[in-house]
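Written below as structure tokens is the structure these notes are about.
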Amino acid sequence: MQVEVGRERVVRRTSREELIAGLTDTVVEAAERRGKYLLLPLDSGEAAMIHLRMSGQVLVAPPGALRPPHTHVVMHLDPAGADSARDVRHADDVGGSELWFVDPRTFGEVVVFDPQRAHRLLPELARLGVDPIADDFGVDDLRQAFGATRRVLKPLLLDQHVIAGIGNIYADEILHRARLRPDRPADTLDRRRLSVLRDSIVDVLTEAIDAGGSTLGDAQYVDLMGHSGSYQDDHRVYGRGGERCLTCGRGWVRRVVTGGRSTSFCPVCQR
DNA sequence: AAACAAACCTGTGCGC
DNA sequence: TGCGCACAGGTTTGTT
């Protein structure tokens, strides 16, 4: 593939030149994920890492399509080669397309790194906690992380070093599903409640993924094809501050700030 | 150890 | 219509 890089800020760990050199004439062999880190192994032995942070998007588009504002990286994917073993085209074949990294707030980033030496450019990758979707994730994982800390649940769920992949929307939805207050200390949970929390984490994330994610009013989160998700329609507390609780029908959803993040919960059915 | 604030940016929606 | 302000999906860093 050939590569263009606009704003250098999105490759701040290295440089525009290093990103272009690392991607040019390579083949993306897979698309993987650890927590919120998107990983693309390359046939060069290196891998690309993309993090969307708050406002990033990865989009696939026809060659030459009009690029939206804040398109910072463009990868020109090669057509599936006639020399490939069986010139099979799949429904998700994106050969010949462009892959865009778009990010108005430029909190997101793109970098090419050596997976054998990830600690050099991406030290936080090795420090990510258990991934509830990609890894085996049982109540014992939670007991280890939550059993002996006075930290409260909401910031703990958001801590990527403890559990990787939960963001602000899903932390609130998970705690509501588990009927637990966001400000409850983790070490007050017995094994039964830890088990409910474990199931809530897996169920909320799985349902959200199946629904294509949460696309809020500004339509920032969309999938590779630009399609919106529908999980926002299933939010029971996030974005519902001041409304009657959909679950118990008795409490009013409260919106507070915990750890600098907006947090919504029902004080009646979450304990 | 853990809670908190600030920093990094741009866009949007609101009240006036 | 225009302006200023609050706020937004995340993470790191520094301060109490």
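Letters A, B, ... mirror the listed sequences (proteins, then strands); counts begin at 1.
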Expressed as a whole number of angstroms, how long is the span from [X]:[atom1] to [N]:[atom2]?
X        : N      : atom1 : atom2 : answer
A:Ile169 : C:dG10 : CD1   : C1'   : 12 Å
A:His161 : C:dT13 : NE2   : C1'   : 12 Å
A:Lys36  : C:dT11 : NZ    : P     : 4 Å
A:Arg261 : C:dT11 : CZ    : C1'   : 9 Å
A:Gln220 : C:dG10 : CD    : C1'   : 12 Å
A:Glu109 : C:dT12 : CD    : P     : 9 Å
A:Leu122 : C:dT11 : CG    : P     : 13 Å
A:Arg53  : B:dT10 : CZ    : C1'   : 16 Å

_Taking the nucleotide of DNA chain B with the nearest heavy atom to each, does A:Gly217 or A:Val257 sit closer to the 5' end?_
A:Val257
*asked:* For A:Asp218 and A:Pro155, find the nucleotide of DNA chain B closest to each by heavy atoms; which residue's nucleotide sits nearer the 5' end?
replied: A:Pro155
Using the side-chain heavy atoms of [X], tell me which of these nucleotides is nearest: [options].
X        : options                : value
A:Tyr238 : B:dC8, C:dA8, C:dT11   : C:dA8
A:Arg9   : B:dA2, B:dC8, C:dA8    : B:dC8
A:Arg151 : B:dA3, C:dT11, B:dT10  : B:dA3
A:Ser262 : B:dA3, B:dC9, C:dA8    : C:dA8
A:Met54  : C:dG10, B:dT10, C:dT11 : C:dG10
A:Pro104 : B:dC8, B:dG11, C:dG10  : B:dG11
A:Arg255 : C:dT12, C:dC7, B:dC9   : C:dC7

*Please determine, for B:dA2, whether a Watson-Crick or G-U wobble partner exists with both distances under 3.5 Å, and give it or none.*
C:dT16
_G-U wobble or Watson-Crick pairing nucleotide for C:dG2 (cut-off 3.5 Å, both distances)_ = B:dC16
*asked:* Any carboxylate oxygen within less than 4.0 angstrom of a Lys/Arg side-chain nitrogen, looking at A:Arg150 and A:Asp187?
replied: yes
*Should we say atom CG of A:Asp136 is surrounded by more than 12 heavy atoms from elsewhere, each under 6.0 Å from it?*
no
*Integer angstrom distance from the P of B:dA5 to that of C:dA6*: 15 Å
*Would you call A:Phe107 stacked on B:dC9, i.e. ring centres under 5.5 Å apart with the planes less than 30° off parallel?*
no
*asked:* Count I, L, V, M, F, W, Y as connected when their side-chain heavy atoms are under 4.5 Å apart, and connections chain through other members. Are A:Ile166 and A:Tyr238 then in the same cluster?
replied: yes
*Any donor-acceptor pair under 3.5 Å linking the side chain of A:Arg254 with the backbone of A:Gly242?*
no
*Under 3.5 Å, side chain of A:Gln160 to main-chain N/O of A:Leu158, donor-acceptor pair present?*
yes
